Amino acid sequence: MLRWVLLLILCWALLNAPPADAENGRLSWPLRPPPAVLRAFDAPSPNWLAGHRGVDLAGTPGQSVYAAGEATVVFAGLLAGRPVVSLAHPGGLHTSYEPVRASVRAGQPVTPATVIGELTGGHAGCPAAACLHWGAMWGPASGADYVDPIGLLASTQIRLKPLRG
């Protein structure tokens with residue numbers, strides 16, 4: 001009986017999960033054409049340990065960086081000396097982009113067609129001419145649950161794992 005209750009709760013949660021964007025629930029690549037992933041997502045456990053809370057995408061200095069989905073700009077400027085853009089998407093998803101020289105301002109609505117800035121060089125550990133560090137998290141920064149942004153892409157195939165008893 002408990003197993004069925006848990007299964008119903010899980011199904012309800014999945015059916016009522018917040019979307020990544022208002023249009024289709026999936027994100028677009030922030031660099032075009034879709035770039036190579038040079039460093040994968042590697043979240044620490046527990047969350048407060050050191051880790052790589054995003055992905056590094058190969059790019060070129062001056063390349064246009066696009067919003068990954070419909071959102072509102074919540075930050076565009078220098079953070080700890082690095083140029084960063086942060087977006088709030090409907091449903092509680094936040095995405096971050098660095099190092100990006102912003103062409104948007106806080107409070108501005110954006111879509112996947114919006115250029116939010118240009119990629120600059122200087123991302124630590126980047127083996128290419130420039131790397132975009134792209135991060136995604138659910139919830140406020142103080143209690144964020146970091147997720148792999150690649151898994152939120154419309155081009156990523158969704159696969160369900162079997163439920164084992």
Side-chain angles (χ1 to χ4, degrees), residues 13 16-44 46-126 128-156:
N16 291 290
D21 73 28
E23 187 175 325
N24 64 11
R26 303 303 298 271
L27 299 179
S28 301
W29 284 101
L31 296 178
R32 302 194 184 140
V37 177
L38 298 180
R39 186 171 175 202
F41 180 78
D42 184 22
N47 198 26
W48 48 266
L49 289 174
H52 194 242
R53 293 171 174 85
V55 294
D56 290 348
L57 306 175
T60 56
Q63 183 175 357
S64 293
V65 178
Y66 295 84
E70 290 184 12
T72 300
V73 178
V74 291
F75 182 83
L78 292 178
L79 182 64
R82 297 183 314 263
V84 175
V85 176
S86 180
L87 306 179
H89 301 265
L93 180 72
H94 287 76
T95 54
S96 61
Y97 311 76
E98 71 169 271
V100 174
R101 185 175 301 113
S103 59
V104 292
R105 66 191 183 299
Q108 179 178 340
V110 295
T111 70
T114 306
V115 173
I116 60 172
E118 69 177 39
L119 184 61
T120 66
H123 182 61
C126 176
C131 285
L132 174 66
H133 178 82
W134 182 36
M137 66 183 96
W138 292 106
S142 60
D145 185 17
Y146 292 91
V147 295
D148 185 350
I150 301 298
L152 301 174
L153 289 167
S155 61
T156 301

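Please read all numbers here as calculations on a predicted model, not as lab measurements.
Panel note: side chain R101, backbone V84; no donor-acceptor pair is recorded below 3.5 Å. The closest donor-acceptor contact from the side chain of R39 to the backbone of V55 lies at 3.5 Å or more, if one exists at all.
Closest heavy-atom contact between P149 and F41: CD-CD1, 4.5 Å. Summarising the geometry of L38 relative to A128, their closest heavy-atom pair is CD1-CB, 3.7 Å, with the distance given to 0.1 Å. Scanning all heavy atoms of the two residues, the minimum distance from G91 to W138 falls at O-CZ3, 3.6 Å. Taking every heavy atom of both residues into account, P90 and E70 meet most closely at CD-O, 3.3 Å. Nearest heavy atoms, Y97 versus H89: OH-NE2, 4.3 Å.
Taking 4.5 Å as the limit, some side-chain heavy atom of L31 sits within range of a side-chain heavy atom of V65. Taking the side chain as every heavy atom from C-beta outward, L93 and L27 approach each other to under 4.5 Å. Side chains of L132 and P30 form a contact here, defined as non-hydrogen atoms less than 4.5 Å apart. Side-chain contact between L119 and P61: absent, with no pair of heavy atoms (C-beta onward) separated by less than 4.5 Å.
Distance CZ/R26 to CG/L152: 7.0 Å, rounded to 0.5 Å. Considering OG of S96 and NE2 of H133, their distance stands at 5.5 Å, rounded to 0.5 Å. Note that the CG atom of L57 and the CD1 atom of I150 stand 5.5 Å from one another [nearest 0.5 Å].
Among residues at least two apart or in separate chains, there is no salt bridge (Lys or Arg N to Asp or Glu O under 4.0 Å) pair with a member in residues 55-68. Among pairs with a residue in residues 77-88, those fulfilling salt bridge (Lys or Arg N to Asp or Glu O under 4.0 Å) read R82-E98, at least two apart in sequence or across chains. Legend: salt bridge (Lys or Arg N to Asp or Glu O under 4.0 Å) pairs involving residues 59-68, not counting sequence neighbours: none detected.
Evaluation of the side-chain contact (heavy atoms from CB on, under 4.5 Å) rule for L78 yields P83 as partners, not counting sequence neighbours. Evaluation of the salt bridge (Lys or Arg N to Asp or Glu O under 4.0 Å) rule for R32 yields no partner, not counting sequence neighbours. Contacts of A40 classified as side-chain contact (heavy atoms from CB on, under 4.5 Å), with partners at least two apart in sequence or in another chain: none. Residues passing the side-chain contact (heavy atoms from CB on, under 4.5 Å) test with A106: none are found, sequence neighbours excluded.
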All N/O donor-acceptor pairs, side-chain side in residues 108-117, below 3.5 Å, sequence neighbours left out:
| from | atom 1 | to | atom 2 | distance (Å) |
| --- | --- | --- | --- | --- |
| Q108 | OE1 | R105 | N | 3.2 |
| Q108 | OE1 | R105 | NH1 | 3.0 |
| T111 | OG1 | A113 | N | 3.2 |
| T111 | OG1 | T114 | OG1 | 3.4 |
| T114 | OG1 | T111 | N | 3.0 |
| T114 | OG1 | T111 | O | 3.3 |

